[in-house]
> 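My structure is below; once you've seen it, I'll send some questions.
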Amino acid sequence: DVQLQASGGGLVQAGGSLRLSCASSGLSFDDYAIGWFRQAPGKEREGISYISISDFDSTTNYADSVKGRFTISYDNAKNTVYLQMNSLKPEDTAVYYCAAVLIGDYNDGFSPNYYDYWGQGTLVTVSS
């Protein structure tokens with residue numbers, strides 16, 4: 001069974017940093033892309049970053065809302081994808097999710113509709 005577990009959320013002041021982790025089991029990064037999404041109260045789930053890994057290289061993508069502030073990375077040995085979030089803003093407050101999709105099974109990695117497996121969310125609260 002594929003399982004994803006997101007962690008690392010918390011309360012941070014504006015301008016601060018957090019690192020989220022997405023620990024996976026039952027899948028290989030050779031086969032699956034991993035995406036990070038967030039959902040603020042009353043808003044739709046938003047894709048913010050995703051990574052696909054092949055031949056020890058990786059392709060990363062960022063939504064404009066987080067580009068230059070967030071960095072997605074992975075540790076193959078730990079089957080874990082990270083999201084380093086710097087310069088956090090109050091508008092980054094949301095529940096953050098990680099998800100997995102078969103590489104080649106999506107046209108838009110920012111769309112949650114393509115993703116097959118989801119972790120539970122982790123809450124990030126940024127105070128002003």
Side-chain angles (χ1 to χ4, degrees):
D1 288 352
V2 174
Q3 291 189 343
L4 302 171
Q5 185 170 1
S7 62
L11 174 64
V12 64
Q13 289 188 335
S17 298
L18 281 174
R19 188 177 79 158
L20 305 183
S21 299
C22 177
S24 68
S25 62
L27 63 78
S28 167
F29 290 154
D30 288 338
D31 300 322
Y32 285 85
I34 304 296
W36 282 101
F37 296 79
R38 66 186 181 187
Q39 189 164 18
K43 295 189 175 182
E44 293 187 352
R45 192 164 295 190
E46 172 192 16
I48 57 174
S49 184
Y50 64 97
I51 185 169
S52 60
I53 301 157
S54 62
D55 297 331
F56 303 102
D57 198 359
S58 63
T59 300
T60 58
N61 299 270
Y62 300 95
D64 288 343
S65 57
V66 305
K67 197 174 294 182
R69 300 188 298 124
F70 291 9
T71 303
I72 191 170
S73 64
Y74 71 101
D75 184 330
N76 217 7
K78 295 183 178 180
N79 295 321
T80 300
V81 171
Y82 303 98
L83 186 69
Q84 178 67 42
M85 307 187 296
N86 298 329
S87 303
L88 283 161
K89 305 174 182 180
E91 51 263 45
D92 293 319
T93 295
V95 177
Y96 284 70
Y97 301 87
C98 62
V101 60
L102 278 170
I103 292 173
D105 261 14
Y106 60 94
N107 291 322
D108 177 6
F110 292 114
S111 171
N113 298 328
Y114 289 103
Y115 285 76
D116 304 304
Y117 302 99
W118 290 83
Q120 88 293 356
T122 185
L123 177 63
V124 172
T125 303
V126 184
S127 63
S128 57

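Everything numeric in this text was worked out from a predicted model, so none of it was measured.
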> Rounded to the nearest 0.5 Å, how far does OH of Tyr117 lie from OG of Ser24?
12.5 Å
> Quick check: closest heavy atoms across Ala33 and Ser52, and the distance to 0.1 Å?
CB-CB, 4.1 Å
> Please give me the minimum heavy-atom distance between Val101 and Tyr115, naming the atom from each residue.
CG1-CE2, 3.5 Å
> Answer yes if Ile34 and Val66 sit in the same cluster of Ile, Leu, Val, Met, Phe, Trp and Tyr residues linked by side chain heavy atoms under 4.5 Å apart, and no otherwise.
yes
> Measure the spacing between CG of Asn76 and NZ of Lys78 and express it to the nearest 0.5 Å.
12.5 Å
> How close do Tyr114 and Asp108 get, heavy atom to heavy atom, and via which atoms?
CD1-O, 3.4 Å
> Under the rule for side chain to side chain donor-acceptor pair (under 3.5 Å), what residues qualify as partners of Arg19, not counting sequence neighbours?
none
> Do Ile72 and Tyr62 have side chains that approach each other closer than 4.5 Å (heavy atoms only, starting at C-beta)?
yes
> Could you grab the distance from atom OG1 of Thr80 to atom OH of Tyr74, nearest 0.5 Å is fine?
12.5 Å
> Kindly write out the residues that satisfy side chain to side chain donor-acceptor pair (under 3.5 Å) with Gln39, not counting sequence neighbours, or none if the list is empty.
Arg45
> Specify the closest pair of heavy atoms between Asn79 and Phe29, including all atoms of both residues, with the distance to one decimal.
C-CZ, 3.6 Å
> With no hydrogens and no angle check, is any side-chain donor or acceptor of Tyr50 less than 3.5 Å from a backbone partner on Ala100?
no
> Which pair of heavy atoms, one from Gly9 and one from Leu20, lies closest together, and at what distance?
N-CD2, 3.6 Å
> Would you check if the side chain of Ser111 reaches a backbone N or O of Asn113 as a donor-acceptor pair within less than 3.5 Å?
yes
> Tell me which one of Trp118, Tyr96, Phe110 satisfies side-chain contact (heavy atoms from CB on, under 4.5 Å) with Phe37.
Trp118
> Enter the distance from Leu88:CG to Ser127:OG here, rounded to the nearest 0.5 Å.
10.0 Å
> Rounded to the nearest 0.5 Å, what separation is found between the OG1 atom of Thr122 and the CG atom of Leu83?
11.0 Å
> Give the intermediate values and the outcome of side chain to side chain contact (heavy atoms under 4.5 Å, CB included) for residues Leu4 and Leu27.
CA-CA 9 Å; Leu4 302 171; Leu27 63 78; 4.1 Å; yes
> Using the rule that two of Ile, Leu, Val, Met, Phe, Trp, Tyr join whenever any of their side-chain heavy atoms come within less than 4.5 Å, decide whether Trp36 and Leu18 are in one cluster.
yes
> For Ser128 and Ala14, work out which heavy atoms get closest and say how close.
CA-CB, 4.3 Å
> Within a strict 4.5 Å, meaning less than it, do heavy atoms of the Asp92 and Phe70 side chains meet?
yes
> With rounding to the nearest 0.5 angstrom, report the CD1 to OG distance, Ile53 to Ser73.
9.5 Å
> Under a 4.5 Å side-chain heavy-atom rule over Ile, Leu, Val, Met, Phe, Trp and Tyr, are Ile51 and Val2 clustered together?
yes
> Among pairs that include at least one residue of residues 71-128, which meet disulfide bond (SG atoms under 2.5 Å apart), considering only residues two or more places apart or in two chains?
Cys22-Cys98
> Going by heavy atoms in the side chains, are Met85 and Val124 under 4.5 Å from each other?
yes
> Taking Thr93 for the side chain and Val126 for the main chain, is one N or O donor matched with an acceptor at less than 3.5 Å?
yes
> Checking the side chain of Gln120 only, and the main-chain atoms of Ala6 only, is there a donor and an acceptor separated by less than 3.5 Å?
yes
> Could you check Glu44, Glu46, Glu91 and say which one makes a salt bridge (charged side-chain N to carboxylate O under 4.0 Å, His left out) with Arg38?
Glu46
> Between Asp64 and Lys67, is the salt bridge (charged side-chain N to carboxylate O under 4.0 Å, His left out) condition met? List the steps.
CA-CA 5 Å; Asp64 288 343; Lys67 197 174 294 182; 3.3 Å; yes
